[in-house]
Participant: 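Let me begin by handing over the structure; questions about it come next.
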Amino acid sequence: MPDLASEFAHALARAAAALGAPDGVDIGVEPSGEPTAGDLSSPVAQRLARHLRRPPIVIAAELAEAVTAAGIPHVALVTVSGPGYVNLRLDDATYAPAVIAEALAPADERLLAPARERAGKTIVEHTQVNPNKAAHVGHLRNACIGDTITRVLRARGVPVEVQNYIDDTGVQVADVVVGLRRLALSQGRDEPFDQFCSRVYVEICRRYEAEPALVEERRRTLQAIEAREQPIAAEARAVTTRIVEANLATMARLGIDYDLLTWESDILELGFWRAAFAEMRRAEILEHPLVGPLAGCWVLPRSAVGESGDDDAGESGDSASGGPGAARVLVKSDGVATYTAKDVANHLWKFGLLEQDFHYRRWAPGGPATSSAVAADGDLPGGRFGHGDRVVNVIDQRQSAPQLAVREALRRLGHRAQADALHHLAYEVVALSPAAARSLGVDTDDGRSMYAMSGRRGADVRADALIDEVGRRVRAKAGDERTANRLAAAAVRYYLLRFSLGAIITFDFDEALRTTGNTGVYLQYAHARACGILTRVAPLSLPERAPALSGPERELVKCIDRLPQVVAAAHRSLAPGLVATYAFQLATAFNDFYEHTGRIYRIADPELRGFRRGLADAARATLARALGLLGIVPLDRI
RNA sequence: GCCCCCAUAGCUCAGCGGAUAGAGCGCCGGCCUCCGGAGCCGGGUGCGCAGGUUCGAGUCCUGCUGGGGGUACCA
């Protein structure tokens with residue numbers, strides 16, 4: 001059974017169509033802004049007024065009549081109010097038990113998307129830490145967004161494959177290879193390898209300025225890595241393997257995992273890039289200038305005006321956001337392919353447009369699969385990876401231009417459907433507040449409002465360090481170590497998810513380490529409290545009719561019933577923050593209910609007792625569901 | 001220069017073109033004869049500026065101002 005808001009919307013849509021409304025008019029059902037008018041409201045009559053050339057209040061009255069006739073369950077009254085709202089007043093007595101029963105059902109089918117949207121496979125790529133250093137909070141934001149979107153899609157019934165692209169042939173890897181070889185730094189006794197490499201990275205970058213020979217060595221090293229020359233390629237692989245292990249361990253602390261790791265070096269070694277390059281040359285979409293600043297490069301030229309905009313302008317929503325694609329160097333004059341070039345090959349593979357495939361094996365027992373350039377005994381069967389119908393790349397906003405270039409390359413190669421199915425889920429970065437920057441040794445005398453994090457300069461907040469620090473803060477009150485770790489994970493995930501994607505998170509230690517108010521710890525506390533109550537009251541059957549509800553009880557019931565709408569919106573807009581905001585509202589509604597209704601174990605009347613317990617249980621179950629979507633493991637006690 | 005994003009309360013942020021714009025933090029004052037106080041209650045006129053579209057604009061459009069980013073043979 002669909003949720004009430006959907007039923008209301010459908011009834012209104014049918015009624016509006018009968019009055020001659022155009023298709024696709026937005027019904028806009030939402031909780032009533034004016035609580036005395038009703039519980040759910042729609043302003044659709046006002047939107048139809050112009051088209052139907054009749055006063056909104058008259059249209060509203062007719063819609064209300066039709067909705068009444070539709071006989072939606074649990075509706076006490078359909079009313080018209082204000083300038084033309086159609087409102088539902090719910091019949092608490094049957095509505096509340098129905099909501100509770102739905103919330104306590106083992107699987108919430110109301111979360112499923114329409115079958116059409118569940119067809120086909122979506123590939124979500126996220127994390128993409130350069131495998132030369134420890135992950136910082138910026139990478140954490142990326143991974144939390146990607147992981148939460150994945151959980152939302154899966155809750156909606158969409159098949160998802162999560163990929164983590166390992167860019168192991170870029171310059172930053174060459175930096176660390178050179179640094180390890182030349183700097184003679186030694187790893188501290190308790191220093192994790194990823195942290196050690198971060199230190200090497202900072203130091204080698206500092207040295208480049210004084211020692212041009214090192215810069216030259218980096219260039220040679222990069223070329224060797226790209227050309228798969230041994231032993232340097234193997235040396236690089238050894239470093240990146242250990243870093244990837246460390247990065248995956250960091251992400252696992254927040255419950256983030258992957259189906260497949262795709263290695264850029266495999267893309268090169270298996271000739272994916274060669275094939276993509278050949279195809280692009282065959283299609284004559286590349287330029288190869290012999291003079292000028294780009295002499296000797298292979299370039300994907302800037303799109304001609306109108307060329308990329310002649311189709312379905314705006315259908316994909318973000319085609320207008322990037323402007324025309326900028327000219328993009330794919331192969332440098334020294335013959336080395338750029339990241340964008342390799343990403344074009346990667347995306348041809350993702351969509352199943354390449355004839356070649358990787359070999360696959362298990363990265364670690366119970367872990368993700370990983371691509372491989374060579375076949376081996378016990379390899380996983382090919383063919384089950386890739387072949388996506390839709391691709392969502394979680395990559396920060398600064399990389400919009402290269403992402404656009406990838407899409408443009410697909411389009412010009414004639415893969416128009418795939419170009420349209422490629423979504424860059426752009427989000428803003430995590431920057432440092434002046435206080436945070438200062439504590440990391442950044443000079444803040446220029447008085448800026450925020451400072452960019454930089455792994456290269458060591459001005460970043462390491463992910464593990466943050467999780468550790470939150471863990472220390474909560475340990476005193478947490479029952480045990482495992483609980484403290486889960487609280488820390490909840491705090492960090494919630495902190496990184498509660499902002500909208502377009503907001504720069506100006507990282508501040510005080511804010512990130514807080515455990516009261518709008519935080520993941522508050523959510524966990526509300527859940528644990530609900531569990532605590534339930535253990536004090538034996539399970540009872542739910543009455544068919546609810547007693548008269550108090551204000552907080554009504555609010556809680558309505559909030560519980562909103563989950564399907566929230567998940568649908570999070571899916572539609574790929575906006576994980578909506579789930580975070582909802583979880584906080586639900587926790588608040590539950591705490592309000594808790595504070596303002598009597599102690600359940602003292603209630604003698606079995607019906608009232610059964611109802612209150614059921615409501616607390618439904619709140620618990622729904623909060624657990626919301627937390628699960630956020631990748632937070634709900635705690636039964638703290 | 002051109003392109004993109006952002007601007008909402010002292011601070012950090014929510015807010016799908018719809019009714020009286022909401023939270024958290026901070027500050028002040030309350031609430032435990034205990035179902036978990038990491039909680040609850042009370043204390044508030046704030047959508048950068050100027051136009052425009054609309055029955056209706058914090059939300060859409062244009063311009064301006066301020067902040068961030070991109071525009072690399074880095075990724």
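All chains are named by letter (A, B, ...) in the order of the sequence lines, taking the proteins before the strands, and each is independently numbered beginning at 1.
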Participant: Taking any strand in view, what nucleotide pairs with B:rG1 in a Watson-Crick or G-U wobble way, both distances under 3.5 Å?
Facilitator: B:rU71

Participant: Given atom CG of A:Asp446 and atom P of B:rG67, what is their separation to the nearest angstrom?
Facilitator: 12 Å

Participant: Could you state the CG-P distance from A:Leu501 to B:rC16, rounded to the nearest angstrom?
Facilitator: 14 Å

Participant: In terms of base orientation, is B:rC28 syn or anti, with the syn window spanning 90° either side of 0?
Facilitator: anti

Participant: Has A:Ser500 got a side-chain N or O lying under 4.0 Å from the OP1 or OP2 atom of B:rA14?
Facilitator: yes

Participant: A:Asn132 side chain to A:Gln172 main-chain N or O, any donor-acceptor pair under 3.5 Å?
Facilitator: yes

Participant: Which nucleotide, B:rG24, B:rA38, B:rG68, lies nearest any side-chain atom of A:Gln397?
Facilitator: B:rG68

Participant: Tell me if a side-chain donor or acceptor on A:Thr338 pairs with a main-chain N or O of A:Leu330 at a distance below 3.5 Å.
Facilitator: yes

Participant: Which whole number of Å gives the distance between the C1' atom of B:rG10 and that of B:rG69?
Facilitator: 28 Å

Participant: How far apart are the closest heavy atoms of A:Gly138 and A:Val430, and which atoms are they?
Facilitator: CA-CG2, 3.9 Å

Participant: Given B:rA19, B:rC40, B:rC25, identify the nucleotide with an atom nearest to the side chain of A:Glu34.
Facilitator: B:rA19

Participant: Identify, between A:Cys531 and A:Glu595, the residue whose nearest nucleotide on RNA chain B lies closer to the 5' end.
Facilitator: A:Cys531

Participant: Within the structure shown, what part of the strands sits under 4.0 Å from A:Phe499 by heavy-atom distance: base, sugar-phosphate, or nothing?
Facilitator: sugar-phosphate

Participant: Other residues, nucleotides and ligands only: do more than 12 of their heavy atoms fall within 6.0 Å of CZ on A:Arg609?
Facilitator: yes

Participant: Just by distance, with hydrogens left out, do A:Thr519 and A:Arg514 show a side-chain donor and acceptor under 3.5 Å apart?
Facilitator: no

Participant: Quantified in whole Å, what is the P atom distance between nucleotide B:rA7 and nucleotide B:rU59?
Facilitator: 11 Å

Participant: When the distance from OH of A:Tyr582 to P of B:rC16 is rounded to whole Å, what number comes out?
Facilitator: 18 Å

Participant: Answer with yes or no whether the side chains of A:Asn87 and A:Ser81 bring together a donor and an acceptor at under 3.5 Å.
Facilitator: yes

Participant: Go through the N and O atoms of the side chain of A:Gln46 and the base of B:rG56, and report whether any donor-acceptor pair is under 3.5 Å.
Facilitator: no

Participant: If you compare every side-chain N and O of A:Arg602 against the phosphate oxygens of B:rC34 (OP1, OP2), does one of them come in below 4.0 Å?
Facilitator: yes

Participant: Can you tell me how far C1' of B:rC16 sits from NE2 of A:His571, to the nearest Å?
Facilitator: 16 Å

Participant: How would you label the contact of A:Asp396 with the nucleic acid (heavy atoms, under 4.0 Å): base, sugar-phosphate, or nothing?
Facilitator: nothing

Participant: Could you tell me whether the phosphate oxygens of B:rC55, OP1 or OP2, come under 4.0 Å of any side-chain nitrogen or oxygen in A:Arg50?
Facilitator: yes

Participant: Would A:Arg141 pass as a cation-pi partner of A:Tyr427, given that its NZ or CZ must be under 6.0 Å from the six-membered ring centre and within 45 degrees of the axis?
Facilitator: no

Participant: Remember a base hit wins even if backbone is also touched, and classify A:Gly517 as base, sugar-phosphate or nothing at under 4.0 Å, heavy atoms.
Facilitator: sugar-phosphate

Participant: So what's B:rC49 paired with, Watson-Crick or G-U wobble, going by both distances under 3.5 Å?
Facilitator: B:rG63

Participant: Side-chain N or O of A:Arg448 versus OP1/OP2 of B:rG69: is the shortest distance under 4.0 Å?
Facilitator: yes

Participant: Indicate whether any N or O donor in one side chain lies under 3.5 Å from an N or O acceptor in the other, for A:Ser32 and A:Asp39.
Facilitator: no

Participant: Taking CZ from A:Arg529 and P from B:rG37, how many angstroms apart are they, rounded to a whole number?
Facilitator: 4 Å

Participant: Across all strands, who's sitting opposite B:rU33 as a Watson-Crick or G-U wobble pair, both distances under 3.5 Å?
Facilitator: none

Participant: Among B:rG36, B:rA23, B:rG70, which nucleotide has an atom closest to any side-chain atom of A:Ile638?
Facilitator: B:rG36

Participant: Rounded to whole angstrom, note down the C1' distance from B:rC73 over to B:rU53.
Facilitator: 47 Å

Participant: To the nearest angstrom, how far is A:Ile504 atom CD1 from B:rG66 atom C1'?
Facilitator: 14 Å

Participant: Measuring to OP1 and OP2 of B:rA38, would you say a side-chain N or O of A:Tyr594 lies under 4.0 angstrom away?
Facilitator: no

Participant: Is a donor-acceptor pair below 3.5 Å formed from side chain A:Ser41 to base B:rA19, judging by atom type as modelled?
Facilitator: yes

Participant: In whole Å, measure the gap between the C1' atoms of B:rA38 and B:rC25 for me.
Facilitator: 15 Å

Participant: Report yes if a side-chain nitrogen or oxygen of A:Lys332 is closer than 4.0 Å to either non-bridging phosphate oxygen (OP1 or OP2) of B:rA72; otherwise report no.
Facilitator: no

Participant: Paired with B:rG22: which nucleotide, if any, by Watson-Crick or G-U wobble criteria at under 3.5 Å for both distances?
Facilitator: B:rC13

Participant: Assign A:Ala45 to base, sugar-phosphate, or nothing according to its heavy-atom contacts below 4.0 angstrom with the strands shown.
Facilitator: nothing

Participant: For B:rG17 and B:rU54, measure between their C1' atoms and round to the nearest Å.
Facilitator: 9 Å

Participant: When only distance counts, do a donor and an acceptor, one from the side chain of A:Asn87 and one from the base of B:rA19, lie under 3.5 Å apart?
Facilitator: yes

Participant: Once you apply a heavy-atom cut-off of 4.0 Å, does A:Ala569 come out as touching a base, just sugar-phosphate, or nothing?
Facilitator: nothing

Participant: Any base atoms under 4.0 Å from A:Ala295, or only sugar-phosphate, or nothing? Heavy atoms, all strands.
Facilitator: base

Participant: Look at A:Arg620 together with A:Asp617 and state whether they make a salt bridge at an N to O cut-off of under 4.0 Å.
Facilitator: yes

Participant: Heavy atoms from C-beta onward define the side chain here; which of B:rU12, B:rC73, B:rA38 lies closest to that of A:Arg498?
Facilitator: B:rU12

Participant: Does B:rU71 have OP1 or OP2 under 4.0 Å away from a side-chain N or O of A:Ser400?
Facilitator: no

Participant: Choose from B:rC41, B:rA14, B:rC25 the nucleotide whose nearest atom is closest to any side-chain atom of A:Thr516.
Facilitator: B:rC25

Participant: Grab the CD-P distance between A:Gln585 and B:rG15 for me, whole Å please.
Facilitator: 10 Å

Participant: Take the protein atom CD1 of A:Ile57 and the nucleotide atom C1' of B:rC55, then report the distance between them rounded to whole Å.
Facilitator: 13 Å

Participant: Are the ring of A:Tyr85 and the six-membered base ring of B:rG18 within the stacking cut-offs of under 5.5 Å and under 30°?
Facilitator: no

Participant: From C-beta outward on A:Asn591, which listed nucleotide comes closest to its side chain: B:rA38, B:rC41, B:rG39?
Facilitator: B:rG39

Participant: Look at the side chain of A:Ser81 against the base of B:rA19 and say whether a donor-acceptor pair falls under 3.5 Å; ignore hydrogens and angles.
Facilitator: yes

Participant: What I want to check is whether an N or O donor and acceptor connect the side chain of A:Ser333 with the base of B:rC73 at under 3.5 Å.
Facilitator: yes

Participant: Please tell me which of A:Glu30 and A:Val429 maps to the more 5' nucleotide of RNA chain B, matching each residue to the nucleotide holding its nearest heavy atom.
Facilitator: A:Glu30

Participant: For B:rC2 versus B:rG56, give the span between their C1' atoms, rounded off to a whole number of Å.
Facilitator: 36 Å

Participant: Picking from B:rA38, B:rU12, B:rC41, which would you name as closest to the side chain of A:Glu511?
Facilitator: B:rU12

